[in-house]
Amino acid sequence: MSAKAESQLTPRQRLSRGLTYSALGPVDVTRGVIGLGAHSVQSTASELRRRYRQGQLSREIAAAQESIAQELAAAQEVVSSLPQALQDARKSRRRRGKRPLLVAGAVAVVVLAGGAAAFSIVRRSTRRDNPEPSPRPPSVDVQPRP
């Protein structure tokens, strides 16, 4: 057999061929066992690396889940306290809201009363005083017609 054909055989094929053929049997059996052992060690190491990465990933996922759970708990606490906070805000707004409205209403009443008083005083003073005659001639006849 050529070297090319031998290099293409897998350890399992080499072992089975070694068991079948008696001439090359001990060499092929030995090479097959060594090859299977090497493949076994390689696959075991690969599996261990995969499990290690998966374990590390699972630890990272667990930490992320824990932090998400804490954030959700904090958000749930805020949401559950929201109605009470809104009620407190409404109460404080009512207390603050009535006083400025009363003050503004009182100021408006005082200003209107002062304006009305000033208007009536000015009006009375103009009625009492005879105004000076206008320099313009009247636009309507002053003398009534018979």
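Just so you know, these numbers use all the heavy atoms, side chains as well, and skip hydrogens, waters and symmetry mates. If you read the sequence from its start, that first residue is 1, and numbering goes on from there.
Closest heavy-atom contact between Pro11 and His39: CG-CD2, 3.2 Å. Smallest separation of non-hydrogen atoms from Gln13 and Gln8: OE1-O, 4.1 Å. Taking each heavy atom of Ala117 and Ser120 in turn, the nearest pair found is O-OG, 2.9 Å. What you find for Leu36 and Arg12 is that their closest heavy atoms are CD2-N, 4.2 Å.
A donor-acceptor pair under 3.5 Å links the side-chain atoms of Thr44 to the main chain of Ser40, judged by distance alone. The main-chain N or O of Ser81 is never found under 3.5 Å from a side-chain atom of Gln84 such that the two would form a donor-acceptor pair.
How far CD of Gln54 is from CD1 of Ile61: 9.0 Å, rounded to the nearest 0.5 Å. One finds the CD atom of Glu77 at 13.0 Å from the CG atom of Leu72 (value rounded to the nearest 0.5 Å).
Applying the side chain to side chain donor-acceptor pair (under 3.5 Å) rule to Arg53 yields no partners; only residues at least two apart in sequence or on another chain are considered. For Gln76, the side-chain contact (heavy atoms from CB on, under 4.5 Å) test picks out no residue, with sequence neighbours left out.
The shortest distance between side-chain heavy atoms of Gln65 and Ile68 does not fall below 4.5 Å.
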